[in-house]
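This report concerns only the one structure given below.
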Number of protein chains: 2
Amino acid sequence: MSSFAPNKADDVAIATIRTLAVDAVAKANSGHPGAPLGMAPVAHVLFSRFINANPKNSKWFNRDRFVLSNGHACALQYVLLHLLGYQLSIDDLKAFRQLGSKTPGHPEAGIEVTTGPLGQGFANGVGLAIAQAHLGAVYNKDGFDLINNFTYVFTGDGCLMEGVASEAASLAGHLQLGNLIVVYDDNHISIDGDTAVAFTENVEQRFLAYGWQVLHVDNGDSDLASIYSAIAEARKEKGKPTIIRLRTTIGFGSREEGTHGVHGSPLKADDIVSLKTKFGFAPDQSFQVPQAAYDYYAEFGKRGAALETEWNSLLASYGQKYPNEHAELTRRISGELPAGWEKALPIYKPTDAAVASRKLSEIALTKLAPVIPDLLGGSADLTGSNLTKVKGSVDFQPPSTGLGTYAGTYIRYGVREHAMGAIANGLAAYGGIIPYVATFLNFVSYASGAVRLSALSNHQVIWVATHDSIGLGEDGPTHQPVETAIALRATPNVAFWRPADGNETSAAYLVALKSNKTPSILSLSRQNLPNLEGSTVEKAARGGYVLHEEDNEDLTIVSSGSEVSIAVEAANKLKAEGIKTRVVSLPCWLTFDQQDEEYRLSVLRSGAPILSLEALSTAGWQKYSHEQYGLPAWGASGPYLKVYEKFGITGSNIAKVGKQVVDFYKGKSVVSPLVKAIHL
Amino acid sequence: MSSFAPNKADDVAIATIRTLAVDAVAKANSGHPGAPLGMAPVAHVLFSRFINANPKNSKWFNRDRFVLSNGHACALQYVLLHLLGYQLSIDDLKAFRQLGSKTPGHPEAGIEVTTGPLGQGFANGVGLAIAQAHLGAVYNKDGFDLINNFTYVFTGDGCLMEGVASEAASLAGHLQLGNLIVVYDDNHISIDGDTAVAFTENVEQRFLAYGWQVLHVDNGDSDLASIYSAIAEARKEKGKPTIIRLRTTIGFGSREEGTHGVHGSPLKADDIVSLKTKFGFAPDQSFQVPQAAYDYYAEFGKRGAALETEWNSLLASYGQKYPNEHAELTRRISGELPAGWEKALPIYKPTDAAVASRKLSEIALTKLAPVIPDLLGGSADLTGSNLTKVKGSVDFQPPSTGLGTYAGTYIRYGVREHAMGAIANGLAAYGGIIPYVATFLNFVSYASGAVRLSALSNHQVIWVATHDSIGLGEDGPTHQPVETAIALRATPNVAFWRPADGNETSAAYLVALKSNKTPSILSLSRQNLPNLEGSTVEKAARGGYVLHEEDNEDLTIVSSGSEVSIAVEAANKLKAEGIKTRVVSLPCWLTFDQQDEEYRLSVLRSGAPILSLEALSTAGWQKYSHEQYGLPAWGASGPYLKVYEKFGITGSNIAKVGKQVVDFYKGKSVVSPLVKAIHL
Ligand SMILES: [Ca+2]
Ligand SMILES: [Ca+2]
């Protein structure tokens with residue numbers, strides 16, 4: 001692979017990519033032809049000469065990873081998958097952007113991650129490269145270079161303008177990720193027109209500042225040899241990630257090439273005729289694939305299949321020499337957790353001391369980490385506050401820094417919440433790793449773009465989100481979440497856990513670790529919480545349960561997290577006044593909603609009013625309660641007990657509120673809020 | 001001001017800043033002494049030698065703006081405000097981080113913006129500098145350099161790691177903002193310890209890549225002359241923003257100086273004794289201010305008062321020479337809108353053609369822009385999709401680019417949603433400007449950190465958030481909002497508008513422009529919407545109203561935005577079957593909640609079930625309805641009418657659902673969901 005060997009099929013292959021992408025967009029009458037036309041040559045060189053992957057087993061573990069960060073260019077990706085022999089037919093291409101197709105408007109699955117929201121794929125790529133570096137360091141042995149794949153990322157101007165990509169690039173440089181290769185499609189065009197209107201920074205210099213190797217290709221439209229050399233050079237650099245600035249013409253071959261007119265709308269009919277003619281294709285036919293193109297790309301499949309076979313025998317001999325490592329690695333690849341891991345979860349009694357749930361999380365992680373080596377933790381520069389670093393764990397760092405090794409299990413993300421979330425998606429997508437990441441709950445919202453994609457892409461990422469309410473006290477309303485919980489609860493497939501004590505924290509970890517298709521956010525307190533009478537791991541793992549039962553109750557208080565003990569206090573006060581009050585703890589709505597109806601109706605039952613209590617916005621609690629108590633607006637800066645008092649979230653005030661509720665509903669027939677005509 | 005003239009009070013003034021900050025943190029037993037100790041010298045030099053401001057009128061329009069982006073260092077800011085003679089007493093300092101004090105844990109008001117969430121202040125500073133450049137270009141005349149202030153920003157490592165700051169820095173370089181000066185407190189420490197663990201990029205080179213002037217001071221702890229020279233040089237450069245890398249020792253003077261131990265916790269008692277002794281202060285006394293320090297800083301007040309007086313006479317003579325400009329400028333400074341501006345709002349009849357609400361927004365902006373010059377628009381590289389550029393408007397660009405002028409009213413933000421939001425906060429904070437910004441609704445979440453601070457700080461920022469549901473069609477679930485609406489509705493003081501037609505769009509602009517303490521998000525459709533029978537600007541301006549009335553109804557459907565016309569269609573079908581159905585349009589929850597109870601109960605009245613309909617998550621709608629219809633999870637990629645059909649959001653299916661609801665509640669007494677025991 002030292003220098004480019006042209007093949008007579010190169011031109012026809014590239015032309016095929018270009019015309020298929022144009023046809024797919026035209027048939028859908030929707031989509032982005034510009035970037036596929038511009039990036040077809042680099043895509044062709046990369047896949048025909050460099051990428052190691054097996055179309056017949058797209059999950060082969062040591063495959064090279066490919067991320068199309070400019071996901072709007074996905075016609076390019078779909079066309080390649082088809083030509084290379086993946087399970088994507090010409091009919092799938094014809095169904096581009098249609099309901100239920102394999103080829104939606106932005107890549108939702110496949111190779112390798114969901115992209116479209118700009119900047120995410122770039123950061124996912126950094127995560128994929130970290131995963132390779134980490135697993136390679138842990139499992140590779142002399143003569144057994146088992147995990148050594150490259151991660152290739154295509155990116156456009158849009159991604160590079162996004163802060164999430166800047167954060168990820170800075171960290172990737174620090175981490176010296178030599179197997180990460182980014183191709184920057186420098187076409188001088190974004191949606192608003194020439195990039196001169198807003199993006200005039202020196203991108204090469206910026207990446208040099210981050211510690212990257214920077215290469216460039218002046219003619220990405222047709223200079224295949226230079227493209228080849230740049231990628232080859234990138235692969236040689238083992239101590240730095242590489243970005244290749246590839247100058248291309250957006251919409252190459254169209255009459256409107258080089259303008260933003262060709263970015264996001266189908267080409268006009270006569271333009272398609274002219275383009276096909278230019279590339280030697282029949283102007284009146286669509287979805288043409290010359291046999292020469294299929295034949296040439298069939299080599300890719302053969303090479304990939306052979307590589308996988310070879311790798312499988314390497315893995316087998318590794319198993320003979322290193323049976324323990326082999327067993328662990330193959331288990332991790334399979335996505336199964338080690339047998340009996342649940343036994344490591346701590347269990348608490350009500351007599352145990354009150355502890356902050358962020359500390360309970362630390363205790364759980366300390367027990368789990370030795371049992372589940374898959375865990376790869378980190379924090380956005382709040383380690384001492386999030387309590388996420390297990391004692392004795394080593395930092396994931398380039399060995400040359402002297403601060404850790406690539407086998408280390410703790411990532412120092414820096415103050416980069418958004419990149420952290422997107423990198424964690426990449427770690428999860430790689431396989432063999434369960435990432436957990438941490439910041440204050442309020443700053444999970446800095447990463448909401450990444451959390452949303454976690455959920456949409458079924459990535460198992462665990463967020464340790466501490467300082468989760470006014471209970472953080474003095475830092476004040478700039479740091480006190482109000483709307484964050486409902487934002488996350490309303491996101492499909494996000495398990496938002498707000499545990500009330502030790503057993504509930506263990507339950508949150510139990511379910512989060514079992515849920516391998518779901519991101520989980522653990523919302524944890526700064527302040528100490530008592531261990532509750534009536535909580536068990538098993539009950540809490542159902543997402544909601546009766547913590548304190550009463551027959552023929554006058555009231556139920558439903559609560560979560562740090563307010564559950566306040567609800568219990570209120571219930572005790574009410575009982576003393578003859579008002580029978582049940583207390584329901586509802587640590588995770590998503591999990592509770594998945595329980596059978598009979599169970600849910602037994603927890604939030606008809607007969608008496610239900611009052612919700614949480615030191616956050618009440619939005620959304622109407623689903624589970626008749627009446628809601630919470631913050632009317634922002635929190636306040638002060639010692640936390642005083643802040644709770646200011647907002648009336650104390651046992652005695654909630655008892656008073658509870659009485660109001662009981663009086664209000666007296667004599668009325670009260671039906672559970674779960675009893676509904678419509679179930680979506 | 002050509003070179004530094006030492007004053008004998010310099011040392012005592014700096015020592016006073018340091019000891020007061022230490023005392024405030026110690027008394028609160030909470031806070032961050034490290035950065036105030038390290039940045040006291042630069043703060044002293046900046047305020048004593050350079051900053052033009054009048055403590056007796058903190059709102060003087062041409063004052064220099066100061067932003068403490070590392071807001072956790074706010075003890076420094078509070079101490080300065082006190083010493084400089086602002087309305088902040090020594091008792092206020094003693095009440096640091098206490099409930100109801102003027103000195104909360106992070107700056108919530110005052111000079112100039114709310115900070116704490118990292119990176120925001122940096123981007124706010126870019127907004128403040130844009131505002132100065134813009135208003136200066138519009139109103140300054142020969143001999144009348146009315147608006148020429150500097151914007152100074154202090155920032156730490158944390159802010160510079162955040163993507164929002166990277167985005168803002170890149171744009172600031174492009175915009176050549178010569179009056180922006182950033183001081184970077186390079187103390188090599190962040191919460192996780194030495195910045196070597198995560199932040200090893202070359203910051204100077206990065207800012208050079210952005211097109212900034214980069215200066216540095218090697219000894220920020222005591223080399224006042226070099227600090228002075230760097231700031232003076234920064235002020236001279238008129239074609240670029242400047243960053244001064246200031247090497248300091250965090251916690252200077254403490255026994256733990258230079259370590260992260262001194263970042264976020266009070267100094268120990270014996271350390272305070274030692275520090276005070278070192279600085280020549282009585283070790284056993286707190287909150288000491290030598291008269292020499294007060295006297296020296298009194299000069300600042302005198303200079304500021306004189307500058308304002310001088311400026312006021314300049315403004316008066318400007319008024320004589322340019323009466324129209326003077327009238328407009330003073331009106332803008334006052335925050336009043338021009339008389340009669342509301343008349344510009346378009347009004348629609350049901351017979352008017354169906355139009356997408358993003359287009360209705362464009363029509364409104366086109367009418368409003370000539371009447372309200374305060375509007376300064378922009379989009380995050382989606383101008384042609386957001387439809388936010390008023391025809392004929394000029395770009396806000398450095399004249400040297402040939403692409404526009406600083407007097408231009410349209411900002412090309414690039415693909416930088418988070419910075420756009422934070423810059424808009426700076427524009428609003430400056431005064432005289434009403435910023436509107438735009439992206440797809442789904443990507444407002446990239447900027448949620450900034451939107452939250454908009455709301456907390458009462459900034460009037462208008463978001464034009466188009467493509468607001470599955471109605472965007474082919475782009476698919478990566479771009480289709482589900483949870484975004486409830487996240488914004490649950491944020492205090494955010495007016496989230498989802499108008500259903502032309503009159504409602506005009507109502508949204510009417511209320512948004514009148515609400516000068518509230519950010520507004522206008523959630524707008526990509527697809528065409530019919531103009532509705534029964535909608536008026538006046539009714540919609542109440543946030544919710546009865547669009548279609550029926551006596552003794554069997555059902556009310558409450559809806560918003562693009563689904564209201566579907567609700568009307570369903571109501572018509574139901575009527576044909578003898579089921580009397582009211583339709584309520586609820587474009588803005590915040591505004592509706594502010595109406596009197598009688599009105600609200602007349603709109604969402606008792607007697608018949610209320611069914612909500614929205615093509616988003618149903619979360620939160622339980623507050624206004626008994627039953628909810630919406631998306632069960634993610635949207636889908638496909639032509640939009642097919643996507644609506646897939647999810648049953650069509651007139652005929654909603655009629656079916658409505659019947660189910662009516663049957664379910666038949667014979668039951670139905671009370672309005674607004675009738676509650678508890679009102680927070
Ligand atoms: Ca581009
Ligand atoms: Ca620092």
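Side-chain atoms are counted along with the backbone in the values below, which use heavy atoms only and exclude waters and symmetry mates. All chains are named by letter (A, B, ...) in the order of the sequence lines, taking the proteins before the strands, and each is independently numbered beginning at 1.
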Heavy atoms of B:A198 and A:L171 approach each other most closely as O-CD1, 4.3 Å

Assess whether salt bridge (Lys or Arg N to Asp or Glu O under 4.0 Å) is satisfied between B:R452 and A:E483, documenting all intermediate values.
-> CA-CA 9 Å; B:R452 184 174 210 272; A:E483 73 290 0; 2.9 Å; yes

Is chain B contacted by the side chain of A:P481, its backbone, both, or neither, given a heavy-atom distance below 4.5 Å?
-> backbone

Between A:P609, A:S190, A:A380, A:G620, which has the largest tally of heavy atom pairs under 4.5 Å with chain B?
-> A:S190

Chain B: which of A:H72, A:E474, A:H260, A:H626 shares the most heavy-atom pairs with it under 4.5 Å?
-> A:E474

Report the option among B:P632, B:P477, B:G116 that has the most heavy-atom pairs separated by less than 4.5 Å from atoms of chain A.
-> B:P477

Between the main-chain N or O of A:A677 and the side-chain N or O of B:E627, is there a donor-acceptor pair closer than 3.5 Å?
-> yes

When you measure from the side chain of A:S448 to the backbone N and O of B:S445, does any donor-acceptor pair fall under 3.5 Å?
-> yes

Polar contact flag, side-chain donor to acceptor under 3.5 angstrom, B:Q628-A:K676 = yes

Portion of A:A487 that has a non-hydrogen atom of chain B nearer than 4.5 angstrom | both

Donor-acceptor pair, A:Y446 side chain versus B:L118 backbone, under 3.5 Å?
-> yes

Among B:C159, B:P492, B:G638, who wins on heavy-atom pairs under 4.5 Å with chain A?
-> B:P492

Can any side-chain N or O of B:E167 pair as donor or acceptor with the backbone N or O of A:G163 at less than 3.5 Å?
-> yes

For atom CD of B:E645, decide whether the heavy atoms of other residues, nucleotides or ligands shown that lie under 6.0 angstrom number more than 12.
-> no

Point-to-point distance, once rounded to the nearest 0.5 Å, from CD1 of A:I678 to OG of B:S612 = 7.5 Å

Which heavy atom of B:A209 sits nearest a heavy atom of A:R206, and at what distance?
-> CB-N, 3.5 Å

Most heavy-atom pairs under 4.5 Å with chain B, out of A:Q660, A:E162, A:E417, belong to A:E162

Go through B:S166, B:G476, B:P639, B:G31 and name the one with the most non-hydrogen pairs under 4.5 angstrom from chain A.
-> B:P639

Nearest heavy-atom contact between A:L403 and B:A196 is CD1-O, 3.5 Å

Are any side-chain N or O atoms of B:H174 and backbone N or O atoms of A:V197, one a donor and one an acceptor, separated by less than 3.5 Å?
-> yes

Picking from A:I486, A:T401, A:V164, A:L208, which has the most non-hydrogen pairs under 4.5 angstrom with chain B?
-> A:L208

Check: A:I191 and B:T383 side chains under 4.5 Å, non-hydrogen atoms = no

Choice from B:S170, B:P117, B:C74, B:G211 maximising heavy atom contacts with chain A below 4.5 Å = B:P117

Under 4.5 Å, counting heavy-atom pairs only, tell me which of A:H679, A:H418, A:K668 racks up the most with chain B.
-> A:H418

Please examine the side chains of B:Q622 and A:P673, heavy atoms only from C-beta on, and report whether any two atoms are closer than 4.5 Å.
-> no

Any donor-acceptor pair under 3.5 Å linking the side chain of B:D475 with the backbone of A:G105?
-> no

Using a cut-off of under 4.5 Å for heavy-atom pairs, which of B:H479, B:H32, B:K646, B:K623 has the most such pairs with chain A?
-> B:H479

Under 4.5 Å from a heavy atom of chain B, the part of A:Q480 involved = backbone

Closest heavy-atom contact between A:D192 and B:G384?
-> OD1-N, 4.4 Å

Partner set under salt bridge (Lys or Arg N to Asp or Glu O under 4.0 Å) for A:R416, not counting sequence neighbours | none

Toward chain B, the part of A:V675 with a non-hydrogen atom under 4.5 Å | both

Contact origin within A:S617 toward chain B - heavy atom pairs under 4.5 Å | side chain

Mind listing the closest non-hydrogen atom pair of A:M161 and B:V415 along with its distance?
-> SD-N, 3.3 Å

So, the part of A:L611 with a heavy atom under 4.5 Å from chain B: the answer is side chain

Would you indicate whether the side-chain heavy atoms of A:V482 and B:T491 approach each other to under 4.5 Å?
-> no

Tell me, for B:F443 versus chain A, whether the close heavy atoms (under 4.5 Å) come from the side chain, the backbone, both or neither.
-> side chain

Applying a strict 4.5 Å limit to non-hydrogen atoms, the region of A:N442 in contact with chain B is side chain

Pairwise distance CG(A:N493) to CH2(B:W634) - rounded to 0.5 angstrom | 7.0 Å

pair A:L456-B:T478: side-chain heavy atoms closer than 4.5 Å | yes

Measure B:A619 against the heavy atoms of chain A and call it side chain, backbone, both or neither at under 4.5 Å.
-> side chain

Selection from A:V643, A:T200, A:L453, A:I411 maximising heavy-atom pairs under 4.5 Å formed with chain B = A:T200

Chain B heavy atoms under 4.5 Å from A:T115: which part of the residue, side chain, backbone, both or neither?
-> backbone

Sort A:Q397 into side chain, backbone, both or neither according to what part of it lies under 4.5 angstrom from a heavy atom of chain B.
-> side chain

Most contact-rich option vs chain A, by heavy-atom pairs under 4.5 angstrom, among B:L680, B:D381, B:T484, B:L99, is B:D381

Side chain, backbone, both or neither: which part of A:A455 has an atom under 4.5 Å from a heavy atom of chain B?
-> both

